[in-house]
Undergrad: 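Quick one: the structure is below, and I'll ask about it shortly.
Order of the sequence lines sets the chain letters (A, B, ...), proteins ahead of strands, with each chain counted from 1.
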Amino acid sequence: MVFLGGQVLPGNVGRAILGPFADQRAVDALNHSLGVDRPLLVQYGSWIWNFLHGDMGTSYVFRAPVAPFVVDALGNSMKLALVAFVLVVPIGILGGVIAALNFNRPLDRIISLGGLSVTVLPEFVTGIILILIFGVWLRWLPIAAAWPKGAGFFTQLYYLILPSLPLFLVLFGYIARMARSGMIEALDSDYTRTAVLKGLPWRTVIWRHVLRNALLPTITVIATQTGYLIGGLVVIETLFRYQGIGSLIFTAARGKDFPMLEAGILTIGIVYAVATLIADFLYSVLNPRIRLGAEQ
Amino acid sequence: MSATDTPASLPAPHTAQRSPWGEVLHSLSRSGTFLTGLFILLFWVVCALFGQHFVPYDPLASDIINALTPPAADHWFGTDQLGRDVFSRVIVGSRDILTVAPLATILATIAGTALGLVIGYFRGIVDDIVSRVLEAFMAIPVVIIALLAIVALGTSKITVIVVIGLSFAPIIARTVRSAVLAERELDYVAAAKLRHEGALHTMFVEILPNVIPPILVETTVRLGYAIFAVATLSFMGFGIQPPSPDWGLSISSNYGMIGGGFWWTVLFDALAIASLVIGVNLVADGVHGAFND
């Protein structure tokens, strides 16, 4: 499907590389050497075959194999996404839990409304405002995510905090909201009442009975947000000039570099599928009712 | 039964003391969320419609000698790198996004409603196939779909409208489908079938008026996301094109300089987008509340 998308896009590849003033014969020759003048099915077959063997094709623009670019970019994006996730998952859940425990009190209102308002804002808008505050006015954090070569773990982390914050803000609202509604439902349930009535300390009730059940829907939401996160990465990586998979796709799309574009999008598709699979697995581990292959 | 032959053009299945729509309007007029959002939205609509008549400068006129001056009395929000007045640009910049986003939302609503009515009404194999295809579409982030489509079709306002409209249509179709699934079991649909009304008549004349509330709620929510998407695409260079003073576009052409401390060239545009998106979401929240009380 991705491949077809790339083919449907009009725009003569040879023309795009050589520019509008190149000789038509040169364009034809280049098209032939790149193999883009072969029949569609032949191209598709060899593309899939090569992709499965780790050969993602040759970039039209860089005239070099695509695979190293994609692998590097994916690694960078994973770092960024990981920083965002490590920050947002505990804080988001904590926010939702605090909101639920203060149901309908001012603290709940602040967390819910605040979370919802930052969730609906485009990432580049929160990104710009955060850059202005922390990068330009306070000068606490670097405004571009480009660390010096060979930088250590903590230096990289330092450069990644600002780019991960807009992603954090968008995800925080979703995760906190799910955790909050899960908590409220769990707090309201019969098993919580039983646990309280049989004299368990409040802390134990929350930890052992409420939280476990409340977090189930939250995990599903976190997984479905992976798709969103990828869209967000395209914007954030462009804004912070970060060499990740999002900016790779963006650059490839602008330069009509189809092998790069196709490899990038297919990689994202695979990441998405894996994330969904992991979420299903986690869900079954946490939920005894659907524990896969559990002994009776 | 001759009285029932007239199509049920009133969306009200029953009449209370106040009609259901009157009830909704009444509860909207008392909702602080809705009114705040409406106020913000109307402010920007007025700016979009009449902005160019009352702004102090021509938003496109450059004045290189006074480029990048910080906010002051004669330029409230300062000037950008071409010396254009940022205040005037922010006010007039509301116009393109407030044309493109609503049109995309309307397209999504029309396409999504028609699709949702058909798959909800016929169910069975049509529903199975179409629903799977829609799910596949919803799994791809809108930014990626838009990126591909706009590279293929070229950048123009029409492309942006069509791309956003069609990528939001499946979401509306899903909402309409589930509403139709509940409606089609009701007696008035059975009555229409007994009168040998055609499928099209039953769908669009009988069922449609009764599923308007969820469609309206979903449409207002989608408008918020459409503004989000249009702003993002313009920022990426795939949306509204220069020389429009559009907010996303202004940010993308100015943010490269904020390292030099020229914060006023991007801050006000960012705040404008933020206020519009939050305003629309408050309206959506209010509408949702009014229909679900």
Undergrad: Please table the atom pairs, donor to acceptor, closer than 3.5 Å between any side-chain atom in residues 86-97 of chain B and protein atoms at least two apart or in another chain.
TA:
residue	atom	partner	partner atom	Å
B:Ser88	OG	B:Tyr57	N	3.2
B:Ser88	OG	B:Tyr57	O	3.3
B:Ser88	OG	B:Asp85	OD2	2.5
B:Arg89	NH1	B:Pro59	O	2.8
B:Ser94	OG	B:Ala48	N	3.3
B:Ser94	OG	B:Ile91	O	2.9
B:Arg95	NE	B:Ala48	O	3.2
B:Arg95	NH2	B:Gln52	OE1	2.2
B:Asp96	OD1	B:Lys157	NZ	2.8
B:Asp96	OD2	B:Ser244	OG	2.5

Undergrad: Which atoms of B:Ile251 come close to chain A, meaning under 4.5 Å heavy atom to heavy atom: side chain ones, backbone ones, both, or neither?
TA: side chain

Undergrad: Which atom names give the shortest non-hydrogen contact between B:Ala270 and A:Val125, and what distance separates them?
TA: O-CG1, 3.4 Å

Undergrad: Pull out the residues in residues 220-242 of chain B that come under 4.5 Å of chain A, heavy atom to heavy atom, sorted by number.
TA: B:Tyr225, B:Phe228, B:Ala231, B:Thr232, B:Phe235, B:Met236, B:Gly237, B:Phe238

Undergrad: Under a 4.5 Å cut-off applied to non-hydrogen side-chain atoms, are B:Leu271 and A:Ile129 in contact?
TA: yes

Undergrad: Pair B:Tyr255, A:Ile131 - check side chain to side chain contact (heavy atoms under 4.5 Å, CB included), show working.
TA: CA-CA 10 Å; B:Tyr255 85 93; A:Ile131 290 181; 5.6 Å; no

Undergrad: If you look at every heavy atom in B:Ala274 and A:Leu121, which pair is closest and at what distance?
TA: CA-CD2, 3.4 Å

Undergrad: Within a reach of under 6.0 Å around CG of B:Leu42, are more than 12 heavy atoms found that belong to other residues, nucleotides or ligands?
TA: yes

Undergrad: How long is the gap from CG on B:Asp269 to CZ on A:Phe124, to the nearest 0.5 Å?
TA: 9.0 Å

Undergrad: Counting heavy-atom pairs under 4.5 Å with chain B, which one of A:Leu132, A:Val118, A:Ile128 comes out on top?
TA: A:Leu132

